[in-house]
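For reference, positions follow the sequence shown, starting with 1.
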Amino acid sequence: MVTFKAFISGCAGAALNDDERALFAESRPCGLILFARNCQSLAQLRAIAAQFRDAVESDEALVLIDQEGGRVQRLRPPRWRQMPPARVYGDLYLYDPEGARAAAFAGARLTAADLHDAGITVNCTPVLDVPEAGSHDIIGDRAFSFDPDVVGDLGRAVVEGTLAGGVLPVIKHVPGHGRARADSHLALPRIDASAEELIEVDFRPFMALCHAPLAMTAHVLLPAFDEKRPASVSPVIMGEVIRELIGLTGLVMSDDIGMKALGGSMGERAGAVIDAGCDVALHCSGDFDEMREVARVVPPLEGDSAGRFAAAIAELVQPQAFDVDQALMLVR
(Lines give C-alpha, C1' and ligand atoms only; values in the text may rest on other atoms or scores of the structure.)
Protein backbone atom coordinates (compact mmCIF):
# COMPACT_ATOMS: atom_id res chain seq x y z
CA MET A 1 0.00 0.00 0.00
CA VAL A 2 1.40 3.40 -1.05
CA THR A 3 2.08 6.03 1.61
CA PHE A 4 1.36 9.40 0.08
CA LYS A 5 2.85 12.71 1.09
CA ALA A 6 0.58 15.47 2.35
CA PHE A 7 0.49 17.67 -0.74
CA ILE A 8 -1.32 18.13 -4.01
CA SER A 9 0.86 19.35 -6.85
CA GLY A 10 0.42 21.08 -10.15
CA CYS A 11 2.51 20.33 -13.23
CA ALA A 12 3.84 22.40 -16.10
CA GLY A 13 2.20 21.13 -19.27
CA ALA A 14 -0.09 18.71 -21.05
CA ALA A 15 2.07 15.70 -20.14
CA LEU A 16 4.40 14.97 -17.26
CA ASN A 17 8.03 15.62 -18.10
CA ASP A 18 10.84 13.38 -16.91
CA ASP A 19 11.68 15.56 -13.90
CA GLU A 20 8.05 15.61 -12.76
CA ARG A 21 7.70 11.85 -13.14
CA ALA A 22 10.81 11.30 -11.07
CA LEU A 23 9.72 13.76 -8.37
CA PHE A 24 6.26 12.22 -8.13
CA ALA A 25 7.69 8.70 -8.02
CA GLU A 26 9.98 9.70 -5.16
CA SER A 27 7.64 11.89 -3.13
CA ARG A 28 4.20 10.46 -4.03
CA PRO A 29 1.90 13.47 -3.64
CA CYS A 30 -1.68 12.44 -2.85
CA GLY A 31 -3.04 14.46 -5.75
CA LEU A 32 -2.40 16.30 -9.02
CA ILE A 33 -4.37 19.46 -9.85
CA LEU A 34 -4.95 20.43 -13.47
CA PHE A 35 -5.34 23.89 -15.01
CA ALA A 36 -6.09 25.13 -18.53
CA ARG A 37 -2.40 24.78 -19.39
CA ASN A 38 -2.70 21.05 -18.72
CA CYS A 39 -5.89 20.42 -20.72
CA GLN A 40 -5.98 19.84 -24.50
CA SER A 41 -8.25 16.90 -25.29
CA LEU A 42 -10.09 14.00 -23.74
CA ALA A 43 -7.40 11.50 -24.73
CA GLN A 44 -4.67 13.78 -23.40
CA LEU A 45 -6.45 14.23 -20.05
CA ARG A 46 -6.82 10.49 -19.67
CA ALA A 47 -3.14 10.10 -20.47
CA ILE A 48 -1.87 12.68 -17.97
CA ALA A 49 -4.08 11.24 -15.23
CA ALA A 50 -2.68 7.78 -15.99
CA GLN A 51 0.89 9.13 -16.06
CA PHE A 52 0.46 10.61 -12.61
CA ARG A 53 -1.07 7.47 -11.11
CA ASP A 54 1.65 5.35 -12.70
CA ALA A 55 4.32 7.63 -11.23
CA VAL A 56 2.94 7.40 -7.68
CA GLU A 57 2.03 3.73 -8.16
CA SER A 58 -1.55 4.07 -6.94
CA ASP A 59 -4.97 4.32 -8.55
CA GLU A 60 -6.17 6.04 -5.37
CA ALA A 61 -4.15 9.20 -6.06
CA LEU A 62 -6.52 12.09 -6.69
CA VAL A 63 -6.70 14.10 -9.91
CA LEU A 64 -8.33 17.47 -9.31
CA ILE A 65 -9.66 20.38 -11.35
CA ASP A 66 -11.66 23.59 -10.84
CA GLN A 67 -14.73 23.14 -13.01
CA GLU A 68 -17.26 25.35 -11.22
CA GLY A 69 -18.89 26.79 -14.34
CA GLY A 70 -19.00 30.44 -15.28
CA ARG A 71 -15.66 32.24 -14.93
CA VAL A 72 -13.89 29.35 -13.23
CA GLN A 73 -13.93 26.49 -15.69
CA ARG A 74 -10.67 24.91 -16.85
CA LEU A 75 -12.30 22.75 -19.53
CA ARG A 76 -13.93 25.20 -21.90
CA PRO A 77 -15.76 25.29 -25.24
CA PRO A 78 -15.55 24.23 -27.96
CA ARG A 79 -14.19 20.94 -26.61
CA TRP A 80 -16.35 20.98 -23.47
CA ARG A 81 -19.74 22.44 -22.64
CA GLN A 82 -19.98 25.81 -20.94
CA MET A 83 -21.77 25.57 -17.60
CA PRO A 84 -23.48 28.47 -15.80
CA PRO A 85 -22.06 30.19 -12.72
CA ALA A 86 -23.53 29.30 -9.33
CA ARG A 87 -25.51 32.56 -9.13
CA VAL A 88 -27.79 31.38 -11.94
CA TYR A 89 -29.10 28.66 -9.62
CA GLY A 90 -29.41 31.14 -6.76
CA ASP A 91 -31.47 33.51 -8.91
CA LEU A 92 -33.77 30.64 -9.90
CA TYR A 93 -34.12 29.71 -6.21
CA LEU A 94 -35.85 33.06 -5.51
CA TYR A 95 -39.01 31.89 -7.25
CA ASP A 96 -38.53 28.12 -7.69
CA PRO A 97 -36.45 26.51 -4.92
CA GLU A 98 -37.23 22.96 -6.02
CA GLY A 99 -36.35 23.75 -9.63
CA ALA A 100 -33.12 25.43 -8.53
CA ARG A 101 -32.07 22.40 -6.50
CA ALA A 102 -32.84 20.11 -9.45
CA ALA A 103 -30.89 22.35 -11.85
CA ALA A 104 -27.89 22.58 -9.53
CA PHE A 105 -27.84 18.80 -9.14
CA ALA A 106 -28.16 18.32 -12.91
CA GLY A 107 -25.37 20.79 -13.64
CA ALA A 108 -23.06 19.06 -11.17
CA ARG A 109 -24.00 15.65 -12.58
CA LEU A 110 -23.26 16.71 -16.15
CA THR A 111 -19.91 18.18 -15.12
CA ALA A 112 -19.02 15.06 -13.16
CA ALA A 113 -19.76 12.93 -16.21
CA ASP A 114 -17.24 14.89 -18.26
CA LEU A 115 -14.61 14.70 -15.53
CA HIS A 116 -15.11 11.01 -14.77
CA ASP A 117 -14.73 10.23 -18.47
CA ALA A 118 -11.39 12.07 -18.44
CA GLY A 119 -10.00 10.26 -15.40
CA ILE A 120 -10.48 13.24 -13.08
CA THR A 121 -11.74 12.26 -9.64
CA VAL A 122 -12.16 15.59 -7.81
CA ASN A 123 -13.97 18.79 -8.75
CA CYS A 124 -13.13 21.79 -6.55
CA THR A 125 -16.71 22.92 -6.16
CA PRO A 126 -19.14 24.03 -4.66
CA VAL A 127 -18.24 27.52 -3.49
CA LEU A 128 -20.03 28.03 -0.15
CA ASP A 129 -18.86 31.61 0.39
CA VAL A 130 -21.53 34.18 1.25
CA PRO A 131 -20.73 37.58 -0.28
CA GLU A 132 -21.96 40.95 0.97
CA ALA A 133 -22.43 44.33 -0.65
CA GLY A 134 -19.04 45.87 -1.39
CA SER A 135 -17.05 42.64 -1.26
CA HIS A 136 -14.43 41.87 -3.92
CA ASP A 137 -15.68 40.30 -7.13
CA ILE A 138 -13.19 37.42 -6.87
CA ILE A 139 -16.17 35.48 -5.48
CA GLY A 140 -19.02 37.41 -7.12
CA ASP A 141 -21.31 35.17 -9.16
CA ARG A 142 -19.31 32.12 -8.10
CA ALA A 143 -21.48 32.33 -4.95
CA PHE A 144 -25.01 30.97 -5.12
CA SER A 145 -26.62 33.71 -3.08
CA PHE A 146 -26.30 36.37 -0.39
CA ASP A 147 -28.48 34.14 1.82
CA PRO A 148 -26.43 31.52 3.72
CA ASP A 149 -29.32 29.06 3.87
CA VAL A 150 -29.76 29.18 0.09
CA VAL A 151 -26.00 28.71 -0.31
CA GLY A 152 -26.13 25.64 1.91
CA ASP A 153 -29.18 24.19 0.18
CA LEU A 154 -27.80 24.58 -3.35
CA GLY A 155 -24.32 23.56 -2.21
CA ARG A 156 -25.80 20.28 -0.99
CA ALA A 157 -27.38 19.70 -4.41
CA VAL A 158 -23.99 20.20 -6.09
CA VAL A 159 -22.28 17.89 -3.60
CA GLU A 160 -24.88 15.19 -4.25
CA GLY A 161 -24.79 15.63 -8.04
CA THR A 162 -21.00 15.46 -8.09
CA LEU A 163 -20.88 12.32 -5.96
CA ALA A 164 -23.59 10.67 -8.09
CA GLY A 165 -21.29 11.17 -11.06
CA GLY A 166 -18.40 9.31 -9.45
CA VAL A 167 -16.42 12.44 -8.58
CA LEU A 168 -15.56 13.95 -5.19
CA PRO A 169 -16.66 17.54 -4.46
CA VAL A 170 -14.61 20.09 -2.48
CA ILE A 171 -16.52 22.61 -0.38
CA LYS A 172 -14.70 25.95 -0.37
CA HIS A 173 -13.41 28.34 0.93
CA VAL A 174 -13.78 27.47 4.60
CA PRO A 175 -14.38 29.33 6.93
CA GLY A 176 -15.56 31.87 4.33
CA HIS A 177 -14.12 34.25 1.73
CA GLY A 178 -17.35 36.00 0.80
CA ARG A 179 -16.92 39.23 2.80
CA ALA A 180 -13.34 39.78 1.59
CA ARG A 181 -12.60 43.14 0.02
CA ALA A 182 -9.38 41.92 -1.59
CA ASP A 183 -8.41 39.03 -3.86
CA SER A 184 -6.33 36.57 -1.83
CA HIS A 185 -4.44 35.68 -5.01
CA LEU A 186 -2.93 39.17 -4.76
CA ALA A 187 -3.17 40.28 -1.11
CA LEU A 188 -4.31 39.12 2.33
CA PRO A 189 -7.98 40.04 2.87
CA ARG A 190 -8.93 41.19 6.37
CA ILE A 191 -12.51 40.44 7.44
CA ASP A 192 -13.50 42.47 10.47
CA ALA A 193 -16.90 40.91 11.12
CA SER A 194 -17.63 39.84 14.68
CA ALA A 195 -17.54 36.23 15.75
CA GLU A 196 -21.33 36.30 16.05
CA GLU A 197 -21.74 37.59 12.49
CA LEU A 198 -19.33 35.03 11.10
CA ILE A 199 -21.06 32.16 12.88
CA GLU A 200 -24.54 33.29 11.81
CA VAL A 201 -23.69 33.92 8.15
CA ASP A 202 -20.28 32.88 6.86
CA PHE A 203 -19.91 29.59 8.73
CA ARG A 204 -23.52 28.53 8.27
CA PRO A 205 -23.26 26.82 4.84
CA PHE A 206 -20.14 24.94 5.94
CA MET A 207 -21.93 23.77 9.07
CA ALA A 208 -24.76 22.49 6.89
CA LEU A 209 -22.28 20.45 4.83
CA CYS A 210 -19.80 19.63 7.56
CA HIS A 211 -19.58 15.97 6.53
CA ALA A 212 -18.46 16.67 2.95
CA PRO A 213 -15.52 14.44 2.00
CA LEU A 214 -13.15 17.29 1.04
CA ALA A 215 -12.81 20.98 1.87
CA MET A 216 -10.50 23.84 0.91
CA THR A 217 -9.46 26.71 3.17
CA ALA A 218 -9.62 30.46 2.64
CA HIS A 219 -6.50 32.61 2.91
CA VAL A 220 -8.22 35.35 4.92
CA LEU A 221 -7.52 37.12 8.20
CA LEU A 222 -10.31 36.84 10.76
CA PRO A 223 -9.30 39.03 13.73
CA ALA A 224 -12.38 37.90 15.65
CA PHE A 225 -10.55 34.57 16.07
CA ASP A 226 -6.88 35.23 15.23
CA GLU A 227 -5.51 38.74 14.83
CA LYS A 228 -2.20 37.75 13.25
CA ARG A 229 -2.45 34.58 11.18
CA PRO A 230 -4.50 33.88 8.05
CA ALA A 231 -7.00 31.07 8.46
CA SER A 232 -4.94 28.53 6.49
CA VAL A 233 -1.93 28.93 8.80
CA SER A 234 -3.82 29.54 12.06
CA PRO A 235 -4.00 26.60 14.48
CA VAL A 236 -6.81 28.45 16.26
CA ILE A 237 -8.97 28.74 13.15
CA MET A 238 -8.08 25.34 11.75
CA GLY A 239 -8.73 23.63 15.08
CA GLU A 240 -11.19 25.58 17.19
CA VAL A 241 -13.19 27.05 14.28
CA ILE A 242 -13.04 24.68 11.31
CA ARG A 243 -12.82 21.34 13.12
CA GLU A 244 -14.70 22.11 16.35
CA LEU A 245 -17.14 25.00 15.80
CA ILE A 246 -18.00 24.32 12.16
CA GLY A 247 -17.46 20.60 12.67
CA LEU A 248 -15.78 19.60 9.40
CA THR A 249 -15.00 15.89 9.40
CA GLY A 250 -13.48 15.49 5.93
CA LEU A 251 -10.00 16.00 4.54
CA VAL A 252 -9.06 19.69 4.49
CA MET A 253 -6.61 21.02 1.91
CA SER A 254 -5.23 24.53 1.90
CA ASP A 255 -6.03 26.88 -0.93
CA ASP A 256 -3.05 27.35 -3.25
CA ILE A 257 -0.02 28.19 -1.10
CA GLY A 258 1.37 30.19 -4.02
CA MET A 259 -1.21 32.95 -3.51
CA LYS A 260 0.14 36.29 -2.30
CA ALA A 261 -2.06 36.26 0.80
CA LEU A 262 0.62 34.05 2.37
CA GLY A 263 4.25 34.96 3.01
CA GLY A 264 7.55 33.11 3.14
CA SER A 265 9.14 30.56 0.85
CA MET A 266 7.04 27.76 -0.63
CA GLY A 267 8.57 25.36 1.85
CA GLU A 268 7.72 27.65 4.76
CA ARG A 269 4.16 28.07 3.50
CA ALA A 270 3.68 24.33 3.04
CA GLY A 271 5.02 23.64 6.50
CA ALA A 272 2.85 26.36 8.02
CA VAL A 273 -0.45 25.07 6.61
CA ILE A 274 0.34 21.53 7.73
CA ASP A 275 1.44 22.71 11.19
CA ALA A 276 -1.79 24.71 11.53
CA GLY A 277 -3.94 21.64 10.92
CA CYS A 278 -4.52 21.36 7.17
CA ASP A 279 -4.32 17.72 6.15
CA VAL A 280 -2.81 18.58 2.78
CA ALA A 281 -0.94 21.51 1.23
CA LEU A 282 -2.07 22.57 -2.25
CA HIS A 283 0.61 23.91 -4.62
CA CYS A 284 -0.58 24.85 -8.09
CA SER A 285 2.03 26.75 -10.11
CA GLY A 286 3.80 23.83 -11.77
CA ASP A 287 7.13 25.53 -11.06
CA PHE A 288 9.47 22.59 -10.61
CA ASP A 289 11.81 24.16 -8.07
CA GLU A 290 8.82 25.10 -5.92
CA MET A 291 7.32 21.64 -6.31
CA ARG A 292 10.56 20.07 -5.14
CA GLU A 293 10.72 22.40 -2.14
CA VAL A 294 7.16 21.58 -1.09
CA ALA A 295 7.78 17.83 -1.53
CA ARG A 296 10.84 18.04 0.70
CA VAL A 297 9.00 19.81 3.54
CA VAL A 298 5.61 18.12 3.85
CA PRO A 299 5.21 14.98 5.98
CA PRO A 300 3.72 11.64 4.97
CA LEU A 301 -0.06 11.56 4.93
CA GLU A 302 -0.66 9.57 8.11
CA GLY A 303 -2.78 9.33 11.26
CA ASP A 304 -6.12 11.17 11.18
CA SER A 305 -5.23 12.78 7.85
CA ALA A 306 -4.69 9.39 6.22
CA GLY A 307 -8.00 8.24 7.69
CA ARG A 308 -9.80 11.23 6.21
CA PHE A 309 -8.18 10.59 2.84
CA ALA A 310 -9.31 6.95 2.93
CA ALA A 311 -12.84 7.99 3.92
CA ALA A 312 -12.99 10.39 0.98
CA ILE A 313 -11.76 7.75 -1.47
CA ALA A 314 -14.42 5.39 -0.14
CA GLU A 315 -17.11 7.81 -1.37
CA LEU A 316 -16.00 7.41 -4.99
CA VAL A 317 -18.60 5.19 -6.64
CA GLN A 318 -19.41 4.16 -10.17
CA PRO A 319 -21.63 6.85 -11.72
CA GLN A 320 -25.36 6.34 -11.51
CA ALA A 321 -27.30 6.26 -14.79
CA PHE A 322 -28.93 9.55 -15.74
CA ASP A 323 -30.75 11.20 -18.63
CA VAL A 324 -28.32 13.66 -20.23
CA ASP A 325 -30.98 15.41 -22.33
CA GLN A 326 -33.22 15.93 -19.32
CA ALA A 327 -30.27 17.24 -17.29
CA LEU A 328 -29.38 19.70 -20.06
CA MET A 329 -32.96 20.97 -20.14
CA LEU A 330 -32.88 21.62 -16.39
CA VAL A 331 -29.59 23.50 -16.59
CA ARG A 332 -30.70 25.67 -19.49
Side-chain angles (χ1 to χ4, degrees), residues 1-11 16 20-33 49 52-64 121-122 124 167-172 174-175 206 210-217 219 229-258 262 264-284 290-316:
M1 182 176 178
V2 168
T3 298
F4 293 111
K5 274 199 149 187
F7 77 110
I8 294 164
S9 182
C11 62
L16 299 187
E20 290 168 341
R21 288 174 189 260
L23 177 66
F24 293 159
E26 178 185 2
S27 61
R28 292 195 168 96
C30 64
L32 175 73
I33 188 164
F52 174 65
R53 293 188 175 107
D54 286 346
V56 300
E57 298 182 302
S58 175
D59 289 338
E60 292 188 339
L62 302 174
V63 178
L64 304 85
T121 49
V122 178
C124 298
V167 173
L168 295 175
V170 180
I171 59 173
K172 61 186 189 185
V174 63
F206 295 102
C210 64
H211 298 305
L214 301 170
M216 180 185 293
T217 64
H219 297 326
R229 294 165 296 193
S232 303
V233 295
S234 168
V236 173
I237 293 176
M238 290 303 305
E240 295 179 14
V241 174
I242 290 176
R243 288 298 184 192
E244 295 178 17
L245 179 57
I246 293 176
L248 288 197
T249 59
L251 182 115
V252 176
M253 67 188 75
S254 71
D255 204 344
D256 180 16
I257 61 172
L262 301 183
S265 69
M266 287 304 145
E268 289 168 339
R269 297 178 192 202
V273 298
I274 297 296
D275 289 346
C278 290
D279 296 301
V280 172
L282 173 65
H283 177 259
C284 298
E290 292 180 359
M291 292 160 59
R292 187 165 50 190
E293 186 178 357
V294 171
R296 185 170 61 248
V297 168
V298 296
L301 190 67
E302 55 191 4
D304 290 343
S305 294
R308 294 178 188 122
F309 182 87
I313 292 294
E315 294 202 40
L316 280 173

Indicate every side-chain donor-acceptor pair of residues 233-242 with a distance under 3.5 Å to a residue at least two apart or in another chain.
unit_1: S234; atom_1: OG; unit_2: D226; atom_2: OD2; d: 2.7
unit_1: S234; atom_1: OG; unit_2: V236; atom_2: N; d: 3.4
unit_1: S234; atom_1: OG; unit_2: I237; atom_2: N; d: 3.1

List the atom of [X], the atom of [Y], and the distance in Å for their closest heavy-atom pair.
X: F4; Y: V56; value: CE2-CG2, 4.2 Å
X: G31; Y: F52; value: C-CZ, 3.5 Å
X: C284; Y: I33; value: SG-CG2, 4.1 Å
X: T217; Y: C278; value: CG2-SG, 3.9 Å
X: A61; Y: T121; value: O-OG1, 4.4 Å
X: F24; Y: A55; value: CB-CB, 4.0 Å

*For the pair H219 (side chain) and S254 (backbone), establish whether a donor and an acceptor sit closer than 3.5 Å, ignoring hydrogens and angles.*
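Flag not set: sc H219 to bb S254 has no pair under 3.5 Å.
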
*Does R269 use its side chain to pair, donor to acceptor, with the backbone of G264 at less than 3.5 Å?*
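Yes, because the side chain of R269 sits within donor-acceptor range (under 3.5 Å) of the backbone of G264.
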
_Atom pair CG (L62) and CG (L32), whose distance is rounded to the nearest 0.5 Å_ =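 Result: 10.0 Å between the selected atoms.
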
*Rounded distance [0.5 Å steps], CG in L282 versus SG in C124*: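 So the gap between those two atoms works out to 7.0 Å.
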
*Going through the distances and angles, do E60 and L316 end up as a side chain to side chain contact (heavy atoms under 4.5 Å, CB included)?*
CA-CA 10 Å; E60 292 188 339; L316 280 173; over 6 Å; no

Measuring only between side-chain heavy atoms, which start at C-beta, is [X] closer than 4.5 Å to [Y]?
X: I8; Y: H283; value: no
X: M253; Y: M216; value: yes
X: T3; Y: R28; value: no

When the side chains of residues 301-315 are checked against the rest of the protein, which donor-acceptor pairs come out under 3.5 Å, sequence neighbours left out?
unit_1: S305; atom_1: OG; unit_2: D279; atom_2: OD1; d: 2.5
unit_1: R308; atom_1: NH1; unit_2: D279; atom_2: OD1; d: 2.7

Return all side-chain donor-acceptor pairs below 3.5 angstrom for residues 291-299, not counting sequence neighbours, or 'none' if the list is empty.
unit_1: R292; atom_1: NH2; unit_2: D289; atom_2: OD1; d: 2.9
unit_1: E293; atom_1: OE2; unit_2: S265; atom_2: OG; d: 3.2
unit_1: E293; atom_1: OE2; unit_2: G267; atom_2: N; d: 3.0

